[in-house]
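Just so we're on the same page: letters track the sequence lines, and every chain starts at 1. Keep in mind that the numbers below use all heavy atoms, side chains included, and drop hydrogens, waters and symmetry copies.
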Amino acid sequence: MSKLLNRVVAPENIFAGYIEKESVFKDKRVLTAAFIPEKIPHRENEIKQLTNILAPVLKGYTTNNAFIYGTVGTGKTICCRYVLSQLEEAAIAQSKAVKALYLNCKMKRVADTEYRLVAQLLKGLGVSVPDTGLPTDVLYHKLFEKIDEKRQHIIIALDEIDSLVRKTGDGFLYSLTRMNSELKNASITTIGITNDVLFLEGLDVRVRSSLSEEELVFKPYDAVQLQDVLQERVFEGFREDVVGPEVVSLCAAIAAQEHGDARRALDLLRIAGETAERNNDNKVTDFHVNEAQDKIDVERTVEVIKGQPKQSQAVLITIIKLIEAQKKQGRWSDKRLLTGSVYESYRETCGRNNLKPLTQRRVGDLISELDMLGIISTRVISKGRYGRTREISLALNETIAHKAERTLADKFY
DNA sequence: AGTCCACAGGAAGGGCAGGCGA
DNA sequence: TCGCCTGCCCTTCCTGTGGACT
């Protein structure tokens, strides 16, 4: 056996250096947003409130539905998951039938439609259903039967619930609340998580009144609080003395500028660690954090662009090229484009690339989608007698735009 | 004040792929 | 195999818009 190991890590092996070198990380999973830590600093009150809302299920009582608000990276998801895991643990210890289901409604092709959401809930309860093919009411019926088959309490946490409602309407929320009133044995508590403070206002009155019985607001972390959050993770995630306090402060300060986003702070720390490791450095420094910041911005955008459908990419490369051409001609003042000219050039792009051009109506939607993704920015303007149109400009900085162009240049002429 | 332009954007529905049950 | 269901992408048709022009 030892002979075999020796052979695997023999010095001449190209991976030998990697295996022998001690990593700066102790446990890298700790530095991801998905990790649920033992302690969540500066969220004690919110955890207590949510615990108080859900605690009655452990005594067999029904509980109120709840709604959690807060901007990105304020700890809504992690606190909710933490409380749910603690609740399930307590329920098992006391032999109570409590089941918690957590779903992220924004996850593409997982729970981003009504059908997929109900299918995921069924999967969470151990019932497997096809990804497509069944009428939605059949799925609801199955869900109803599964939940009501015994005396139990089901807690359904729907993260980023606003994106699903925006996409499919609030019909599923109405169905869930109505289902709850018809159950004979079981009961359901719904927890909605969103970063849209005005989300409830657009809902059906009946849904709104039953869904928002309790409301929790998560405020953004400030730089000092972020430092505490990071310090916990540094202790668990990195080897001793690898990350100094100045690095933690820098990550916290950068993330605090971006609305107190803890997720961003963690990403910075993790990628700074990866950069240090790749450079064969034993300590993470400010230099690695700055490198990480650039890398996150570029990679995040490039990944989003790569994930777009081909037609959307064709529209984007058309916009990038048009802006570049205008810049080359020194026409800085008119570097904003109009829908009509973009569509015309887009058709040419399609012609060169054997792509069937879409209608202007559809391209208008693709432009709106690119706008929503923050890749371009648009503004509806009226040019009086010369019509109403959209002014389009790139929302990316030079470096990212250049990288985006190079990414798409491989696919389009 | 009325007209006109070049779209924006909503609504409805077609076509397709994929799955299910009879 | 067929009819029916789904999600998804797309087109067609339509009304609305706001400021320059007449």
Quiz item: Given dA8(B), is OP1 or OP2 found less than 4.0 Å from the side-chain N or O atoms of Thr339(A)?
Solution: yes
Quiz item: With distance as the sole criterion, do the side chain of Ser382(A) and the base of dG18(C) form a donor-acceptor contact below 3.5 Å?
Solution: yes
Self-check item: Ring-face cation of Lys26(A) near Phe235(A) (centre distance under 6.0 Å, axis angle within 45°)
Solution: yes
Quiz item: So what does Gly340(A) hit on the nucleic acid, given a heavy-atom distance under 4.0 Å: a base, only sugar-phosphate, or nothing?
Solution: sugar-phosphate
Quiz item: In terms of side-chain heavy atoms of Arg390(A), which of dC21(C), dG19(C), dA8(B) is nearest?
Solution: dA8(B)
Quiz prompt | base_contact_polar (dG18(C) base, Arg385(A) side chain, donor-acceptor, <3.5 Å) | solution = no
Quiz prompt | Among dG10(B), dA8(B), dT11(C), the one nearest Thr359(A) by side-chain distance | solution = dT11(C)
Practice problem: Measure the shortest side-chain to side-chain distance between Thr194(A) and Lys76(A) over non-hydrogen atoms and say whether it is less than 4.5 angstrom. | Solution: no
Exercise. May I ask you to evaluate whether Arg388(A) reaches the phosphate of dA6(B), defined as a side-chain N or O under 4.0 Å from OP1 or OP2?
Key: no
Practice problem: Starting at atom CG of Leu358(A), determine the distance to atom P of dC8(C), rounded to an integer number of angstrom. | Solution: 18 Å
Quiz item: Looking at Thr389(A), does any N or O in its side chain come under 4.0 Å of the phosphate oxygens OP1/OP2 on dA6(B)?
Solution: no
Practice problem: Considering just the side-chain nitrogens and oxygens of Arg362(A), establish if one lies under 4.0 Å of OP1 or OP2 belonging to dT12(C). | Solution: no
